[in-house]
Amino acid sequence: LADDGENSLLIEPEDWGFYDIKGGEGIVPEGTTKIEDFGFWRSGALKSVVIPPSVTEIGRFAFARCPGLERVVIPDSVTTIGEGAFEGCTGLETISLPNTVNEVGMAAFEGCSKLASVAIPSSLDRIAPFAFSACTSLTTIEIPESVHVIERCAFSECSGLTHAVIHSSIIKVSAFEDCTSLRSVEFGPSVSEIQVAAFIHTALSEDDLPEHARVSLDRKSGSAGMP
């Protein structure tokens with residue numbers, strides 16, 4: 001798990017795995033309102049889970065490092081997905097985030113290397129640091145107008161990403177760093193600021209940045225930190 005100074009480093013819990021798994025399916029009891037922190041942490045047998053409609057919160061690292069997890073159904077009742085909730089779920093190929101989700105924590109999907117598609121809901125106003133970092137199978141992403149800030153390294157190291165649509169955001173330092181295949185970005189008129197190195201080590205040039213946005217320059221080089 002990455003750390004950007006906003007959160008303490010991960011300390012592995014002494015106890016985890018608070019839920020049953022039967023035939024590869026995670027069992028979350030009806031009436032549960034929160035999937036506990038580290039609830040399915042490192043559950044190698046977990047392949048799928050259907051979250052009951054009573055759940056409003058998915059806790060910190062609840063499904064982290066479950067390499068066999070391929071399918072998750074998140075109901076409309078969920079509003080919060082905690083820090084690192086699905087971090088390192090290398091078998092997860094797609095995720096649908098309902099429009100009720102208003103918080104996705106730091107590194108929530110970091111390292112989900114098979115995640116090929118994700119729809120960012122219009123209920124979100126911020127993409128947290130490292131939220132989708134190292135999702136190397138993502139090829140396109142659309143950031144809705146509701147999102148006002150794309151935080152540091154939110155999509156860094158998404159090496160398969162080729163195209164992005166960003167309707168309205170402040171794009172922070174290194175947000176798309178090391179997205180080496182990224183060669184096309186559609187910037188909406190409400191994109192107001194692009195911080196230094198936001199697109200460093202991509203296939204974009206400074207000429208591809210929108211004229212209407214304020215672009216922060218590196219103090220030493222005087223450039224936007226582009227390759």
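Side-chain atoms are counted along with the backbone in the values below, which use heavy atoms only and exclude waters and symmetry mates.
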Q: Indicate yes or no: at least one non-hydrogen side-chain atom of Cys153 is less than 4.5 angstrom from one of Ser174.
A: yes
Q: Quick one: SG on Cys179 to CZ on Phe155, what's the gap to the nearest 0.5 Å?
A: 8.5 Å
Q: Determine whether Phe109 and Glu87 make a side-chain contact, defined as any pair of heavy atoms from C-beta on separated by less than 4.5 Å.
A: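 No, every pair of side-chain atoms sits at 4.5 Å or beyond.
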Q: Is the shortest heavy-atom distance from the side chain of Leu115 to the side chain of Ser137 under 4.5 Å?
A: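 Heavy-atom side-chain distance check fails, nothing below 4.5 Å.
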Q: Using only heavy-atom distances, determine whether the side chains of Ser117 and Thr94 contain a donor-acceptor pair under 3.5 Å.
A: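 Yes, side-chain donor-acceptor contact under 3.5 Å.
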Q: Determine, step by step, whether Glu193 and Arg214 satisfy the salt bridge (charged side-chain N to carboxylate O under 4.0 Å, His left out) criterion, reporting the C-alpha distance in whole Å, the side-chain angles of both residues, the deciding distance to 0.1 Å, and the verdict.
A: CA-CA 5 Å; Glu193 181 180 353; Arg214 181 165 64 88; 3.1 Å; yes
Q: Roughly how far, to the nearest 0.5 Å, is the CD1 atom of Ile200 from the OG atom of Ser156?
A: 12.0 Å
Q: Report whether Phe63 and Ile74 are members of the same hydrophobic cluster (ILVMFWY, side-chain heavy atoms less than 4.5 Å apart, transitive linking).
A: yes
Q: Identify the two heavy atoms, one from Asn102 and one from Thr80, that lie closest to each other, and give their separation to 0.1 Å.
A: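 Shortest heavy-atom contact: OD1-OG1, 4.4 Å.
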Q: Please round to the nearest 0.5 Å and tell me the distance separating atom CD of Glu25 and atom CG of Leu46.
A: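 Going from CD on Glu25 over to CG on Leu46, the span is 9.0 Å.
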Q: Quick one, Phe199 and Ile194 - any side-chain contact, counting heavy atoms below 4.5 Å?
A: yes
Q: Quick one: CG on Asp76 to OG1 on Thr56, what's the gap to the nearest 0.5 Å?
A: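 Interatomic distance, Asp76 CG to Thr56 OG1, rounded to 0.5 Å: 13.0 Å.
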Q: Using every non-hydrogen atom in the two residues, find where Ala213 and Val191 come nearest and quote the distance to one decimal.
A: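 So the minimum-distance heavy-atom pair works out to CB-O, 3.5 Å.
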Q: Ignoring hydrogens, what is the shortest heavy-atom contact between Lys34 and Thr32? Give both atom names and the distance.
A: O-CG2, 3.2 Å
Q: Is a donor from one side chain sitting under 3.5 angstrom from an acceptor on the other, for Asp178 and His201?
A: yes
Q: Look at the aromatic rings of Trp41 and Phe61 and report parallel, tilted or perpendicular, splitting at 30° and 60°.
A: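 Taking Phe61 first and then Trp41, their aromatic rings stand perpendicular (interplane angle over 60°).
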Q: Test Ile27 against Val49 for side chain to side chain contact (heavy atoms under 4.5 Å, CB included), laying out the working first.
A: CA-CA 7 Å; Ile27 307 299; Val49 62; over 6 Å; no
Q: Less than 4.5 Å apart, any side-chain heavy atom of Thr180 and any of Thr202?
A: no
Q: Which heavy-atom pair separates Pro98 from Pro121 by the least distance, and what is that distance?
A: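 Minimum heavy-atom contact is O-CB, 3.5 Å.
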Q: Within this structure, what is the CD-OG distance for the pair Glu110 and Ser133, rounded to the nearest 0.5 Å?
A: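 It comes to 4.5 Å.
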Q: Is the backbone of Glu36 close enough, under 3.5 Å, to the side chain of Tyr19 for a donor and an acceptor to pair up by distance?
A: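 Such a contact is found between Tyr19 side chain and Glu36 backbone.
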Q: Does the salt bridge (charged side-chain N to carboxylate O under 4.0 Å, His left out) test come out yes or no for Lys114 and Glu93, once each step is laid out?
A: CA-CA 5 Å; Lys114 286 188 178 179; Glu93 296 184 1; 5.0 Å; no
Q: Could you state the interatomic distance from CZ (Phe132) to CZ (Phe86), rounded to the nearest 0.5 Å?
A: 10.5 Å
Q: Does a side-chain heavy-atom distance below 4.5 Å link Phe187 with Asp208?
A: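 When only atoms from C-beta onward are counted, Asp208 and Phe187 do not touch, as no gap falls below 4.5 Å.
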Q: Assigning hydrophobic clusters by single linkage (Ile, Leu, Val, Met, Phe, Trp, Tyr; side-chain heavy-atom cutoff under 4.5 Å), is Met106 placed with Val149?
A: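 No, Met106 and Val149 fall in different hydrophobic clusters.
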Q: Give the intermediate values and the outcome of side chain to side chain contact (heavy atoms under 4.5 Å, CB included) for residues Val55 and Ile35.
A: CA-CA 7 Å; Val55 172; Ile35 298 178; 4.2 Å; yes
Q: Determine, step by step, whether Thr100 and Ser77 satisfy the side chain to side chain contact (heavy atoms under 4.5 Å, CB included) criterion, reporting the C-alpha distance in whole Å, the side-chain angles of both residues, the deciding distance to 0.1 Å, and the verdict.
A: CA-CA 7 Å; Thr100 51; Ser77 57; over 6 Å; no
Q: Taking 4.0 angstrom as the limit, do Glu151 and Lys172 come out as a salt bridge?
A: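 Salt bridge flag = yes for Lys172 with Glu151.
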Q: Would you indicate whether the side-chain heavy atoms of Ile81 and Leu97 approach each other to under 4.5 Å?
A: yes
Q: Using side-chain heavy atoms (C-beta onward) and a distance below 4.5 Å, is Ile58 in contact with Ile51?
A: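 Answer yes - side chains close enough.
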Q: Using residues 163-171 as the side-chain source, report each donor-acceptor pair under 3.5 Å to any protein atom, sequence neighbours left out, with the distance given to one decimal.
A:
residue : atom : partner : partner atom : Å
His163  : ND1  : Ser184  : O            : 3.4
His163  : ND1  : Ser184  : OG           : 2.8
His163  : NE2  : Glu186  : OE2          : 3.0
His167  : NE2  : Glu142  : OE2          : 2.7
Ser169  : OG   : Val147  : O            : 2.9

Q: Taking Ser146 for the side chain and Asp125 for the main chain, is one N or O donor matched with an acceptor at less than 3.5 Å?
A: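 It does not hold such a pair.
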Q: Quick check: are there more than 12 heavy atoms from other residues, nucleotides or ligands sitting under 6.0 Å from NZ of Lys47?
A: no
Q: Determine, using the 4.5 Å side-chain heavy-atom cutoff (strictly less than), whether Leu92 and Val101 are members of one ILVMFWY cluster.
A: yes
Q: On a heavy-atom basis, which atom in Gly31 and which in Ser54 lie closest, and how many Å separate them?
A: N-OG, 3.2 Å
Q: Kindly give the heavy-atom pair with the smallest separation between Ser181 and Ser159, and that separation in Å.
A: OG-O, 2.8 Å
Q: Using the side chain to side chain contact (heavy atoms under 4.5 Å, CB included) rule, take Ile141 and Ile120 through it: C-alpha gap first, then chi angles, then the decisive distance, then the call.
A: CA-CA 8 Å; Ile141 193 71; Ile120 306 295; 4.0 Å; yes
